[in-house]
Amino acid sequence: MEEDKTQLSIDGGQPSLPNTGIQEQIKLDVAGPETLDSPVPERTTGNVIDISGDLIDKIMAEQSVSHEVSAPPEGGQEWEKPQEQPEPPRRGRRPKNKEAPAQGEKPKRKGRPPKAEKQAPGGGGAGRAAKTPRQGKAASPPAPAKEEAPPPPAPAPEEPTQPKDASRGEKEEIVYLDLSDLHPFQNHPFGVRDDNEMKGLVSSVQAGGVHQPALVRPREGGGYEIIAGHRRQRASELAGYKNMPCIVRNMTDDEAVLAMTDDNLRHRETIMPSEKAAALKQQYEAIKHQGTRGDGADLGKLSLDKVGERNGMSGKTVQRYIYLNDLVPELKQFMDGGKLSFTPAVEISRIRPEHQKYIAVSIEGQQSSPSKAQAKKLREMDEKNQLNPDVIDAVLSQEKKKEDFDVIISSAELAQYFGKDKTPREMKDQIMALLGEWKEKQPPELGKGEKKTDREK
């Protein structure tokens with residue numbers, strides 16, 4: 001039987017394209033109730049019916065037939081459409097059903113939601129459901145908004161320090177006490193000498209009396225103990241007075257020691273090395289007894305450092321002065337008289353007292369003071385138990401090296417030319433400057449003549 005060829009003629013009887021090999025028929029209702037049993041023609045040029053996509057989808061849904069138009073195979077006709085095999089099901093997660101947006105609706109934007117959607121109630125944002133609290137746990141209250149910390153207040157202006165009140169709790173009056181009722185301080189380290197300084201003080205007292213009252217405290221055995229004013233008492237006695245002005249103050253032993261040593265170390269013009277050594281030792285013992293008592297600035301400091309601050313020196317220098325108290329009396333006299341310098345005296349003070357006496361005899365016999373190197377050698381030999389009178393004489397008789405010679409000028413000698421406010425460094429600089437000026441004024445032949453004389457010898 002020949003293939004069925006059905007033609008559809010509309011508006012002029014134009015035939016439709018044949019549809020071969022399609023077993024299923026599509027019912028099409030065109031401009032009337034008539035049903036045409038013919039295949040769906042493709043759109044061609046001419047007066048051929050144009051079927052919209054919506055109608056085709058409706059028809060195909062009714063017939064449960066799905067056809068997909070693809071490019072015709074190579075060598076075939078344009079109207080020939082091969083039927084495709086259904087795609088095998090994919091494994092894994094089911095693909096999302098992406099619905100096309102309705103007409104007039106903008107497609108959803110990918111990425112972050114806009115700000116308006118972010119601030120939607122529930123905190124879920126656009127397209128995101130609000131989070132609900134879990135069962136058994138109360139929903140946490142929203143975090144309060146962070147408030148900016150207020151700016152720090154401006155620092156208050158520093159108030160000027162108020163001057164301290166120098167008045168004491170007890171009212172002190174100046175009283176005139178008999179000289180016979182005044183007794184020297186126990187273990188007073190400073191001597192009262194009738195020297196030229198005492199003569200000048202006596203003349204001042206005779207002319208106008210004692211200008212500064214002495215400081216005394218009541219004495220257990222009766223009378224008063226002088227804290228500061230030993231030389232004023234002696235000057236009043238030599239000037240012919242029977243009494244002198246005094247301030248009576250109750251003081252502990254440590255307070256009395258500190259007041260006595262401070263007054264003498266600061267106001268005496270001439271102080272012997274042994275006197276200074278004894279005074280610094282008494283200060284050290286008094287401060288050591290006080291322990292941690294004192295102002296905030298002094299807490300935690302060593303006693304040696306505190307003594308040094310009171311006297312304008314380092315704690316190490318204070319320790320060296322305290323060592324001088326271990327010298328035997330003969331060597332202290334040599335030190336005060338200038339026969340024994342400070343540094344060698346410190347070295348010798350570390351030697352045993354019996355050997356110190358031999359050293360004093362050797363210094364007196366040879367009429368020469370030991371150098372720093374000799375004193376150090378004597379100390380080392382004493383530590384090794386190698387020191388005896390013969391060894392001491394042999395060491396002190398050795399020729400001194402040039403670098404061991406030092407020119408010693410006592411503080412009393414310098415006080416005649418410099419004020420009390422001058423430091424040792426300032427004194428040295430001024431002395432060297434004066435020596436430089438003196439050298440420039442010397443005739444140039446002076447040095448040459450000395451060298452020529454040496455060559456002739």
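The structure displayed is predicted, hence computed values, not measured ones. These values consider heavy atoms only, across backbone and side chains, with no hydrogens, waters or symmetry-generated copies. Note that the numbering runs from 1 along the sequence shown for the chain.
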Checking side-chain hydrogen bond (donor to acceptor under 3.5 Å, both in side chains) for the pair Q282/T261: CA distance, chi angles, key distance, verdict? CA-CA 8 Å; Q282 289 181 353; T261 53; over 6 Å; no
Could you give me the CA-CA distance, side-chain angles and deciding distance for E237 and R234, then say whether salt bridge (charged side-chain N to carboxylate O under 4.0 Å, His left out) is met? CA-CA 5 Å; E237 183 181 351; R234 177 60 178 168; 3.7 Å; yes
Could you walk me through whether N388 and Y358 pass side chain to side chain contact (heavy atoms under 4.5 Å, CB included), step by step? CA-CA 8 Å; N388 55 57; Y358 291 131; over 6 Å; no
Salt bridge (charged side-chain N to carboxylate O under 4.0 Å, His left out) for E437 and K441? Distances and angles first, verdict last. CA-CA 7 Å; E437 296 177 0; K441 295 178 181 179; 5.4 Å; no
So D181 and V216, side chain to side chain contact (heavy atoms under 4.5 Å, CB included) or not? Walk me through it. CA-CA 11 Å; D181 292 337; V216 299; over 6 Å; no
Please report the C-alpha distance between K377 and M381 in whole Å, then the side-chain angles of each, then the deciding distance to 0.1 Å, and finally whether the side chain to side chain contact (heavy atoms under 4.5 Å, CB included) criterion is met. CA-CA 6 Å; K377 187 173 182 179; M381 297 183 73; 4.2 Å; yes
Test L258 against Q283 for side chain to side chain contact (heavy atoms under 4.5 Å, CB included), laying out the working first. CA-CA 6 Å; L258 294 177; Q283 275 194 3; 4.0 Å; yes
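With sequence neighbours excluded, the residues satisfying salt bridge (Lys or Arg N to Asp or Glu O under 4.0 Å) with K339 are E364.
Looking only at side-chain heavy atoms (C-beta outward), Q206 and L238 stay at 4.5 Å or farther from each other. When side chains are defined from C-beta on, E347 does not count as touching L378, because their heavy atoms never get closer than 4.5 Å. The shortest distance between side-chain heavy atoms of I359 and V328 does not fall below 4.5 Å. Residues V391 and Q386 fail the side-chain proximity criterion, which asks for heavy atoms closer than 4.5 Å. Between R320 and F342 there is a side-chain heavy-atom pair separated by less than 4.5 Å. Residues I431 and F418 meet the side-chain proximity criterion, which asks for heavy atoms closer than 4.5 Å. In this structure, E275 and N264 have side chains that are not in contact, with every pair of non-hydrogen atoms separated by 4.5 Å or more. With a 4.5 Å cut-off on side-chain heavy atoms, I226 and F185 do not count as touching.
Rounded to the nearest 0.5 angstrom, M244 CE and Q233 CD are separated by 7.0 Å. With rounding to the nearest 0.5 angstrom, the CG atom of N243 is 6.0 Å from the CG atom of D178. To the nearest 0.5 Å, the span separating CG on N311 from CZ on R266 amounts to 7.0 Å. For the atom pair CZ of R310 and CD1 of I287, the computed distance is 5.0 Å after rounding to the nearest 0.5 Å. For the atom pair L302 CG and Y284 OH, the distance stands at 8.5 Å (nearest 0.5 Å). Expressed to the nearest 0.5 Å, how far CG of L215 lies from CE of M251 amounts to 5.5 Å.
Under a 4.0 Å N-O distance rule, the pair D336/K276 does not qualify as a salt bridge. A salt bridge is absent between R350 and D382: the closest approach of a Lys/Arg side-chain nitrogen to an acidic carboxylate oxygen does not fall below 4.0 angstrom. A salt bridge between R219 and E225 is absent, with no side-chain N of the basic residue lying under 4.0 Å from a carboxylate O of the acidic one. For the pair E285 and K281, the salt-bridge criterion is not met [side-chain N within less than 4.0 Å of a carboxylate O].
The two residues L331 and I348 come nearest to each other via the heavy atoms CD1-CG2, 3.6 Å. Of all the heavy atoms in Q356 and L327, the pair that sits closest is OE1-CA, 3.3 Å. Taking both residues in full, the closest heavy atoms of Q398 and Q374 are given as O-NE2, 3.1 Å, listed atom of the first, atom of the second, then distance. Contact between R268 and G191 at its shortest, heavy atoms only, is NH1-O, 2.9 Å. Across all non-hydrogen atoms, the minimal contact from L324 to K332 is O-CE, 3.7 Å. A239 and V205 get closest at one heavy-atom pair: CB-CG1, 3.9 Å.
Here the options are S362, P370, S397, the test is side-chain contact (heavy atoms from CB on, under 4.5 Å), and the partner is I392; only S362 passes. Of the residues listed (M272, R231, M260, H230), the one engaging F190 in a side-chain contact (heavy atoms from CB on, under 4.5 Å) is M260, and it is the only one.
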Sequence neighbours excluded and cut-off under 3.5 Å, please list the side-chain donor-acceptor pairs for residues 197-204, or say none.
unit_1: E197; atom_1: OE2; unit_2: T270; atom_2: OG1; d: 2.5
unit_1: S203; atom_1: OG; unit_2: K199; atom_2: O; d: 3.1

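In terms of modelled atom types and a separation under 3.5 Å, the side chain of T252 and the main chain of E255 share a donor-acceptor contact.
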